[in-house]
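Sharing a structure here in C-alpha cells format.
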Amino acid sequence: MSNSEIAGIFENLYNILSIDEKTKFEALAYQRVARELQSMPDDVSDLYDKYGIGGLMKIPGVGKGIAQHIIEYLKTGKIEKYEKIKSEYPIDFKDLFRIEGLGPKKAILLYKKLGIKNLNDLKKAAEEHKIADIPGFGKKSEELILKNISMLASLHGRILLAQGLNEARKIISYLTKSDFIDRCFIAGSTRRMKETLGDIDILATSKDSKKTMDLFINFEDARSVMIKGETKTTILLSTGVTCDLRVINDASFGAALQYFTGSKDHNIKIRKIAIGNNYKLNEYGLFYNDSNIAASKDEKFIYNRLNMDYIPPEMREDRGEIELALQHRIPELISLNDIKGDLHLHTKESDGLNTTEEMVNAALEKRYEYIAMTNHTKNLKIAHGIGDQDFIKYFDTVDKLNQKYKIKILKGAEVDILKDGSLDLKDETLGQMDCVIASVHMNISMEKEDMTQRVINAIKTGKVNILGHPTGRLINKRSSYEIELDEVSKYCEKYKTALEINSSPERLDLNDENILKTSKYNVYYSINTDSHNIYGYDFMELGVGTARRGWLGKEKVINTMDLNGLMKFLKK
DNA sequence: GCCGTTTTCGGCCCGACTGTTTTCAGTCG
C-alpha cells in the first residue's frame, strides 16, 4: 500500500511549504492530494500500472507535477524534492502534532530555535522551561504542552461509532433536560455514521449560551475542559475523545447543521459552488448580497438553492456525491424502517447468550417479519460450534416456535468456510436450511489469491445464501484478510450469494468503501447484526448507516424484501 | 501546484478560540 506513505510525504511537504507566504498555496495542493490518497480505495501503484500517468492525473488535485512525484516514488521509493526539504527540516511533524495547538509554523519555529524534532525533544525542552522564552510562546503555552503530553498516554484515539452514538445521545438527553436549550442535535462524523470517531460534535440552539456552556462542562463524563467560549466549547470525555458543543441562534439552524456535519472536504466544495453562484455560505447562513436567504429552515433549502439535490449526511465525504447532486441523481438510500428482518443470529446452542425463544420475542418487539437462526458450526470450537446431528435436532425447536409465534423463523447456520473452500456441514444438512451464511473464521492469514479462491470455492458449492463478514476485519484490532472482492463479487452475482453488511460494532464489514466498490456488480446485500444476545438487534442502525455511506438503496438489500420475496431469493 | 457552468491567469473556505499581542498570528474543524 503506497498511498499512505506518499500521503505522509505530501503532508510533510504541506507542513514545510505552508510556513512561507510564497509557497503556501502550493502547500495546499500537496495537502489536498495527501487527503485524497488517504481516502481513496484504489492503490496508486495499481492505478499507475494499469493506466499510467493519465490514471494518476484522474485523481482530484493531481496534475502533471504531483503525478511525476508519485511516479518517482513508485520507481525509487523517494521523492527528491522532499528529501532536499527534509534534510533542512528533519522534523517528525506527525509526532509533534499530537499536541493540541501545535501546527506547522510553531513546530518549525521550535526546531529553528531549540532543535526540537519530536515529542521527546519537546517534553525535555518544556521541562527545562526553554519554551516560554520563544516569541509567540509564553508561560501558558509551555504549561499546556506539558499538560498535553502527560494526557496523551490516556487518549484512545478514535472510538467506535457505537460508542460515540451512545455518548452523544447521553449528552443530548442531559442537555435537553434544561429549559433554556431548545434544539439539540448530533452533527459531525457521528451524524455521517463514520465507523470510527475522532471527536463528537453536538449542535444546540439556546436562549442562553452562557448557561448552556456551564451546563455542558458539568456533564458527568467530562474529564476536563479544553476550550470554553460563547459559541464553542470543547471537553475531554472519559472515553478519551473530545466533544464539541456549538451553540447557535435558532435562525441559523439549517446552515449550522450543514456546516458542522461536514465532512471538511464536502463543505469546502459546497462553499466553492456557492461562491460560483455569487453566494456566500458559512455556519450562519447562505448569503446573497449580504442578505441571508436560506439559514433558518432545514439544510435542504441550502442544497436546493445551490441547484442541487439534498445530500444525506452519510454521503457527504466528497466521493462524487456533489457531482451527482448537481445532476439531480442522488439515489434514494435505504433506511432503518425498510428492514424487515435479521438474518444472522446466534443462540445458546452455539455461543449466544439467549435462548431461541428469547431471541424470537426480542425480534417481535422490533416488529420483524422474519429472522434467521444461524449458529456456528463444529469447526469453530471456540464458539461451541455444533455438528450436523445437533442442527437437525435443533430444527425441531425452530418448527415448534414457528407454530407458536407470528414471525417466520428461518433455519440456518453460519457455516465455516474451511481452508480449501469446502463447507463445514454435510450437503444434506445444508439442504434442510432456509438460509446459509458462510464465513471465514480460521486460517485467516493466507495469500490474497488463495483466500480469494477459497471463498469463491465456497460460493461455487451453490449452497451459500450470504457471505458473512466478507473481509474479516475488526476495527482497531485486526485488518481485513487479503481478498479480491471484485472477483468474489462476480461469483456472488452468478450464484445469487448476497454479501453481508455485518452490523456488529467492531466489524461493520463490508465497510462503506467496499460497498461502493462491489455495488458496481449486480450483487445483493444482507444487513445483519450477528447478534449474540437480545440487545444485539439494536446494532442494525450501524449496518444501515454503513450501507447509506455506501450509497445503497433498499432494492439491493435482501432483508428489506417481504417474506415471499426473500424466500424466492434464498431458494437455490 | 492545481484548476476553470466567467477564467489558461489569478485565485485557492471561513470563522472561533487562544495566547500572545497592543491589533494579531497560529491552529482547528
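So you know, we letter chains A, B, ... as the sequences are listed, proteins then strands, and number each from 1.
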Phosphate OP1/OP2 of B/dG15 contacted by A/T231 side-chain N/O (<4.0 Å):
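For A/T231, the contact criterion (side-chain N or O under 4.0 Å from OP1 or OP2 of B/dG15) is not met.
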Reported CG-to-OG distance for the pair A/D221 and A/S238, which is rounded to 0.5 angstrom:
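Rounded to the nearest 0.5 Å, the CG-OG separation comes to 4.0 Å.
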What is the separation between atom OH on A/Y279 and atom P on B/dT5, rounded to the nearest whole Å?
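Rounding to the nearest Å, OH of A/Y279 and P of B/dT5 are 17 Å apart.
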With rounding to the closest Å, how many angstrom separate the P atoms on B/dG26 and B/dT21?
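That atom pair is separated by 13 Å.
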Looking at B/dT20, B/dG29, B/dG26, which one has an atom nearest to any side-chain atom of A/K105?
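My answer, after comparing the listed nucleotides, is B/dG26.
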OP1 or OP2 of B/dC14 versus the side-chain N and O atoms of A/N282: is any pair under 4.0 Å?
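False: A/N282 side-chain N/O out of range (4.0 Å or more) of B/dC14 OP1/OP2.
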Spacing between A/K106 atom NZ and B/dC17 atom P, to the nearest angstrom
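Answer to the nearest Å: 17 Å.
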At under 4.0 Å between heavy atoms, what does A/L17 touch on the DNA or RNA strands: base, sugar-phosphate, or nothing?
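The answer is nothing, as A/L17 stays clear of every strand by at least 4.0 Å.
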Give me the distance, rounded to whole Å, that separates B/dT27 from B/dT20 when you measure between the P atoms they each carry.
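Looking at atom P only, B/dT27 and B/dT20 are 14 Å apart.
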So, applying salt bridge (Lys or Arg N to Asp or Glu O under 4.0 Å) with A/E195, which one of A/R549, A/R473, A/R507, A/R158 is it?
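The option that passes is A/R473.
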Report the distance from atom CD1 of A/I270 to atom C1' of B/dG15, rounded to the nearest whole Å.
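It is 18 Å, rounded to the nearest whole Å.
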My understanding is that only one of A/I227, A/D201, A/L236 makes a side chain to side chain contact (heavy atoms under 4.5 Å, CB included) with A/T242; could you say which?
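Running side chain to side chain contact (heavy atoms under 4.5 Å, CB included) over A/I227, A/D201, A/L236 with A/T242 returns exactly one hit, A/L236.
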Rounded to the nearest angstrom, tell me the gap between atom CG in A/L96 and atom C1' in B/dT27.
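Taking atom C1' of B/dT27 as the reference, CG of A/L96 is at 14 Å.
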Give A/L144 one of three labels, base, sugar-phosphate or nothing, depending on what nucleic acid heavy atoms sit under 4.0 Å from its own.
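A/L144: no heavy atom of the nucleic acid under 4.0 Å.
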I need the CE-P distance between A/M57 and B/dC2, as an integer number of Å.
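That distance rounds to 7 Å.
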On the side chain of A/Y14, is there an atom forming a donor-acceptor pair with the base of B/dG1 - under 3.5 Å, no angle test?
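A donor-acceptor contact between them is absent.
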Between A/S141 and B/dT20, is there a contact of a side-chain N or O with OP1 or OP2 at under 4.0 Å?
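A/S141 to B/dT20 OP1/OP2: side-chain N or O found under 4.0 Å.
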At under 4.0 Å between heavy atoms, what does A/K24 touch on the DNA or RNA strands: base, sugar-phosphate, or nothing?
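Result for A/K24 = nothing.
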Is there a side-chain polar atom (N or O) of A/K232 under 4.0 Å from OP1 or OP2 of B/dA16?
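Indeed not, no polar side-chain atom of A/K232 lies that close.
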As a quick check of understanding, evaluate side-chain contact (heavy atoms from CB on, under 4.5 Å) for A/W551 and A/M315, giving each step before the final call.
CA-CA 7 Å; A/W551 302 12; A/M315 290 181 78; 3.6 Å; yes
Atom-to-atom span, CZ of A/R98 to C1' of B/dT27 - whole angstrom
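Spelled out: CZ on A/R98 to C1' on B/dT27 is 18 Å.
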Side chain of A/I227 only, heavy atoms from C-beta on: which candidate in B/dC12, B/dC17, B/dT5 is closest?
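The closest nucleotide is B/dC17.
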Taking only the C1' atom of each, what is the distance from B/dC2 to B/dT7 in whole angstrom?
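To the nearest whole Å, 14 Å.
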Please report the distance separating the P of B/dT8 from the corresponding atom of B/dG4, rounded so that it comes out in whole Å.
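Their P atoms lie roughly 13 Å apart.
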Earlier contact from the 5' end, DNA chain B, for A/E142 and A/K64
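That would be A/K64.
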So, OP1 or OP2 of B/dC12: does either fall under 4.0 Å of a side-chain N or O from A/Y30?
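No, A/Y30 has no side-chain N/O under 4.0 Å of OP1/OP2 on B/dC12.
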Does A/K280 have a side-chain nitrogen or oxygen under 4.0 Å from the phosphate oxygens OP1 or OP2 of B/dG15?
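Yes.
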Separation of atom NZ in A/K81 from atom P in B/dG1, rounded to whole Å
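Going from NZ in A/K81 over to P in B/dG1 covers 5 Å.
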What's the CZ-P distance between A/F97 and B/dG26, to the nearest Å?
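It is 13 Å, rounded to the nearest whole Å.
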Output, in order, the C-alpha distance, side-chain angles, deciding distance and verdict of salt bridge (Lys or Arg N to Asp or Glu O under 4.0 Å) for A/K210 and A/D214.
CA-CA 6 Å; A/K210 203 179 164 301; A/D214 287 338; 3.6 Å; yes
For A/K269, which contact category applies under a 4.0 Å heavy-atom criterion: base, sugar-phosphate, or nothing?
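Nothing, no nucleic acid heavy atom in range.
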Counting only distance, no hydrogens or angles, is the base of B/dG29 paired donor-acceptor with the side chain of A/K264 under 3.5 Å?
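Such a pair exists between side chain and base.
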